[in-house]
Every structure is written in structure tokens, then in C-alpha cells.
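For reference, the structure discussed in these notes is given below.
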Amino acid sequence: MIKEVTTEIMIGNYAIARGLVEAGLELAAAYPGTPSSEIIPGIIEFNRRTQGNIHAEWSVNERCAFEAAFGAATAGKKAACMMKQVGLNVAFPPLLSARRKRLKGALVIVSCDDPGPQSSQTEQDTRLLATLFDIPVFDPASPKEASDVAYYALQYSFEKHTPVILRSTHRVSHAREAVPLHPPGKRPVALIEGIKASSSVSNTTCPVPARLGIIASGMSYSIVSDVISELDLETLVPVYKVVKIPRAKPPAPGQESKDREQKNENRELDEFINNMDRILVIEETDSVLEALLDDGNKVYGRLNGYIPDAGELTYDIVRDVIGRIAGDLEIKANRFVPDPLIEESLKGIQFPPRPPKLCAGCAHRASFFAMRQAYPEAIFPGDIGCYTLGISQGAVDTCLDMGAGVTMASGFYNAVNQDGKIIPILASVGDSTFFHACLPPLYDAVKKQKRFILVIMDNGTTAMTGMQPTPQTGITADGTKGRQVMIEDIINGFGVAFLRILDPYDIPHMISTIKEAEAYISENGNGPAVIIARRECLLFTKKKFSGTFNRAVLEEECIGCKRCIKLLDCPAMFFNDEKHKVAVDEGLCTGCGTCHIACSTCRPVKKA
Ligand code: SF4
Ligand code: SF4
Ligand code: SF4
């Protein structure tokens, strides 16, 4: 009798969580970052449902997550850590040391890439890092496969005593698919064997040798499959799907015969390549597989300009590339015919670009406005979080990596000071990023008496990645109570002599406090001044601010100068061209009153 398997529709990150839980995961640690943030909640959920005993935690940064998981794996546990692609850079130093250590337990590092990028400062390909340093790396093509691969990766790590990487991309992590649920440790043997063999030719009915073969991995493979079907190339162009990325360099002498699985994978891939006149490699985000295929002029890919060298490989791009190359090689492909109805409906429609904005009523907007009002000509080193969007208010000049706002402020101070100039430096950072990466930079600045103002925008949560708790909340990943660590205690502990805590909605007070801070740091011997602008994220609290803002007065008294629109960039405000006045969208406006204070007509900001 075949036992019925339950399936559940879930996003890729939950599927990864499910695979790890079923494989016997015992400890998980992560720092949130899109597109990886849902894996820890998934692990907590499946652990609860299976009544398991997994310890899952949010770490203060990716390095801590990696080291906690590595510690557990060293002690014999099956562990995993999760991060986004740029988070892997933070965990890079211990990863390099750990990759050669023999584990008693197991360690899967899940690193989620962001082709595009859609919510990162840069694109980056985790597979590149893994192959460069000879760390086994798996690249699933769909949520369901991500679950299987997560299961297999943890077992693989345990059997081989080595850390492995599971690379996902945002389309795999956030797509939804029906995923079978097995009890932990009870996956059928055939399924595990299937995962082992999943790097292979996918359309096996396609005759070989062929004029063109495609090698693809990850979400690119799923897109290639759809395109091949749409262009009717299934019997003409074989596709080789790569799940476990081949090693970058040949195994060391003596190792070759031991790693039979790797040898078989490489042999199959070599056979596939040898059977094709030409090879097209489609992969995100970098040229990892392509660079590994050393066969002269046979390969089409990024390196010779057949594929765009940056950005996400969308369906349209992949279809154009395959269609063009099939045409060049005189392989008969069905030409893509656009749907006339869709084409007609799109005619003449121009979609205006919509850069991201802070939410209507976000307290960061008030902080940035106050900073600009206090010192419009200041240098504004910024950081990474919702508040990076202060760029549109002219109050964020830099965005390098997490923590760089403080360290760059130190550098700016020395640069300005060396040139004998006096320019205010107003750095900004959020509460979660402060804990993540600002402690050594701030302590260093105090010790060296760097004179800048640091505004810590404390909204009580890690807002940008989905409201994960910060150490200050004292809440752990599964919602239980832990110990609170307050930002002001750290600042005081570092010996910062100027510390003020204020409500950013009180803009005149914030402006005068910034000026007070500037007066403090202008004295020789004083170090940085810190202002904590504390007001909870509106989306987190889901509360509207019930201030005294009167929308009607603002709209009536408006003289159409557009100052508020330029300075605040609030999505609830728009300009009514007919009336030549500002109007406020009642549905979006939270009543924070920032525009009322910013308006030169209704209520000019008091001179501090
Ligand atoms: S999510 Fe919260 S912190 Fe982020 S922009 Fe919106 S209100 Fe501001
Ligand atoms: S600043 Fe005041 S007067 Fe100027 S556009 Fe805005 S609401 Fe109107
Ligand atoms: S329109 Fe004015 S009061 Fe309303 S959310 Fe925007 S800044 Fe706040």
C-alpha cells in the first residue's frame, strides 16, 4: 500500500526550512536579510508542528550566526545558518577558516542571492565564493527542489564532515509550490537517491549529439525549461541541469578516487559538453559554470556577451537569448508571437519610474528633515535599512555596507580636519544595524575623539526585513522573553559624553538638539555626540499617530511652493496641478504632522 504524503503550498524559504527540519536539524541561527528572512520563522513553525527540539535564534549579525552554528556542528550537532548574499561577506572570515575543519556534526550555510538586485546594495553570486574556496554548493531550481536539496545538503555535510552551502535566489526563496511533508528522518530512500542524481540532462528524449545544448542551474533552469517548451525546442536542444556546482579546481592528488560522486558528476557534465557543437550557459548571477567549462570557443554566455553581464535573467531575456542563438545555428524554433490583446493594451502606456519611499508617517522622515534643517551643508554618512531612503531627502550621502555610516563618519572627520575645514558630519543608522555592525566603529571613534554626530534611528524593530526583534526588545526568535540590551547602556558604557534621547516627531526639539551636539563636538578633545531618535515603526505598531495635524488648514493655506514635497517625499502628499496646491491622500496620511511643521506658510520651523 502506498502511504499518502501530505503536501502543503509554501514559499521556497519555508521549503528550505522544512527540508532541514526533516533531515534532523538541531540548531539554526540567522541574521534577517531579504530574501532569506523567512527561513528561521519556517524552522520555528515546523519544529513546533513536529514537536521537535530545535534551537532557532536570530543572531546579532551573520558572523555570529555562522559561528554559533559552526560551534554546534563542531560539538556534533546538525546545524544551519542563514543569511542574504551580502551577509555572507560578514560571515566570510570564519567561513574561510572553517571550510577545512572536520565537523563532528553537520553545517549547512544557506545564502540567498538577490539578482537584480531588488533589495540589496549590490548583486553577488554565492556560488562564485563557494567554488573559489572549494566549498560544496547546491543551487536548487524551485521551492520543492529547495526542500529536497536542504534535506540532502544536511546529510551530505554530516556524511562528509564538511560545511556546505545551499544557494537560493529571491525567485526560489519567494516562489510558492506544493511541497511534500514527511515526518522528520523519514524521507523515502528513492527520493534521497533522486536528489543525488539531480544534476543531469533533464529532457532525456532529446537526441544527442546536438547542435546546441544548454547548461543551467537554479531558477535560470526553471525559466529555460519553460522557454524551451514555448519555443518548441524540447526535441532539438537538450538541457543539462546542474544542482551541485562542480569543483573549480581538480581534486588534490590522492583525493580523486575517494570522491566518486564528484567524479561521476563531472564525467556526466563532460560527456554532455562533448556531445554538443555549441553550449549555452544560463545562470545567475555571475559566470560560475561558464568559467568552469574550459573548451575554447564552444560556449555562449556572459563572458562573450551573449547574455547581459548584470541583472536578473527574466523570462523575456532568456527567451530572447535562446531564440537568437537557435536562429544563428539554424535550429528551427517557434518564433515568439506576442499576444495582440496584451500588446494593444500596453500601447501608449508609459509607466513612470517609482523609486522606493519611506512609508507615510515614518518617523525617519522627520529625523532626516530635522538633520537637513539643522545643517543643510553637512556631510551625511548613511547606512543600510529603511532609512537608506533618506537619500531622497538629501540627508544620506553614502551607503556602503552595514556599519559603514559610523566608520565613514570617522574617515570624513579626519579628511575634513586635515584640510583645516569645519563641516558638520551627521551620520545616521538604525537600531538593528547599530547592534549588527556599529559597536567597534563607535568605540573606535570614541577612543580617537572623532568629532561627528551619530543619529541612531531607533524604531524598535528590524523593519526593512520583516520586523524581526532587535536585542533591545528582549524578545527571542520564537517570541519568548529574553534579556533586553539597551542602546543607551552601550553608548554610556563606551564613554560617550553627549547622549540625548528624543522623539523625532518633535522636529524643533530635534533641530535644537543637533545644534547643541554640534556645539559640543566643536570643542577640542570631545569625541562623537550621539542622539537616539526613538519612535516605533508605524507598520510594526500598526497604530496611527493622533497628533494635532489639520489637513484642511495645510491644504487651504498652501501657496503651492512644493517645499514640503521636495523636503519630505511623503507618499501621502501630491500636488494638485489644477488648484496649484498640495493635497493629502486621506487613506495614506497617518497624521504625523511633519509636513505641517515643514510648511513655510502654515507653520514655519522655529529658529533653534
Ligand atoms: S517600515 Fe517602518 S521604518 Fe520602514 S519606512 Fe515604513 S514606517 Fe518607516
Ligand atoms: S510647503 Fe506649504 S505652502 Fe509649500 S507646497 Fe507645501 S503645503 Fe503648500
Ligand atoms: S501627509 Fe503630512 S501628516 Fe500625512 S503622513 Fe505625510 S507628512 Fe505625515
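Whatever order the structure lists ligands and atoms in, that order sets their numbers, starting from 1.
Side-chain atoms of N89 and Q124 include a donor-acceptor pair closer than 3.5 Å. With no hydrogens or angles considered, a side-chain donor-acceptor pair links N13 and E38 at under 3.5 Å. Side chains of E578 and H580: a donor-acceptor N/O pair is absent below 3.5 angstrom, by distance only. Counting only N and O atoms by type, the side chains of D401 and Q121 include no donor and acceptor under 3.5 Å apart.
Figure legend: K562 and F575 shown as a cation-pi pair, the cationic atom lying under 6.0 angstrom from the six-membered ring centre and within 45 degrees of its axis. Figure legend: R18 and F46 shown as a cation-pi pair, the cationic atom lying under 6.0 angstrom from the six-membered ring centre and within 45 degrees of its axis.
A salt bridge links R48 with E45: the closest approach of a Lys/Arg side-chain nitrogen to an acidic carboxylate oxygen falls below 4.0 angstrom. R171 and E284 are not joined by a salt bridge, as no carboxylate oxygen comes within less than 4.0 angstrom of a charged side-chain nitrogen. Ion pairing between a basic and an acidic side chain is recognised when a charged N comes within 4.0 Å of a carboxylate O; R534 and E488 show such pairing. Ionic pairing of E516 and R500 is present here: one or more N-O contacts between side-chain nitrogen and carboxylate oxygen are shorter than 4.0 angstrom. Ion pairing between R451 and E518 fails under the 4.0 Å rule for side-chain N and carboxylate O. Using a cut-off of 4.0 Å between Lys/Arg side-chain N and Asp/Glu carboxylate O, R167 and D125 are scored as salt-bridged.
The distance from ligand 3 to the heavy atoms of M573 drops below 4.0 Å at these ligand atoms: 1 (S). Of all atoms in ligand 2, numbered sequentially from 1 with element shown, those under 4.0 Å from a heavy atom of C564 are 1 (S), 5 (S), 6 (Fe), 7 (S). In summary, the atoms of ligand 2 found under 4.0 Å from a heavy atom of I559, numbered by their order in the structure, are 3 (S), 8 (Fe). The atoms of ligand 2 that sit less than 4.0 Å from any heavy atom of C558 are 3 (S), 5 (S), 7 (S), 8 (Fe). Near G593, meaning under 4.0 Å from any of its heavy atoms, are these atoms of ligand 3: 3 (S), 8 (Fe). Of all the atoms in ligand 2, the ones that sit under 4.0 Å from a non-hydrogen atom of C599 are 1 (S), 2 (Fe), 3 (S), 7 (S). Atoms of ligand 1 lying under 4.0 Å from any heavy atom of N459, numbered from 1 in the order shown and given with element: 3 (S). Below 4.0 Å from some heavy atom of C595 lie the following atoms of ligand 3, by number and element: 1 (S), 2 (Fe), 3 (S), 7 (S). Each of the following atoms of ligand 3 lies closer than 4.0 Å to a heavy atom of G361: 5 (S). Numbered from 1 in the order shown, with element, the atoms of ligand 2 that lie under 4.0 Å from a heavy atom of K562 read 4 (Fe), 5 (S).
C592 SG, 2.4 Å is the protein heavy atom nearest to atom 8 (Fe) of ligand 3. Protein heavy atom nearest atom 6 (Fe) of ligand 3, with residue, atom name and distance: C570 SG, 2.4 Å. Scanning the protein for heavy atoms near atom 4 (Fe) of ligand 3, the closest one is C589 SG, 2.4 Å.
Excluding waters, the count of protein N/O/S atoms less than 2.8 Å from atom 6 (Fe) of ligand 1 comes to 1.
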Output, in order, the C-alpha distance, side-chain angles, deciding distance and verdict of ring-ring contact (aromatic ring centres under 6.0 Å, His included) for F452 and Y413. CA-CA 7 Å; F452 60 85; Y413 166 70; 7.8 Å; no
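Only the side chain of V582 comes within 4.0 Å of ligand 2, counting heavy atoms alone; its backbone N, CA, C and O stay farther away.
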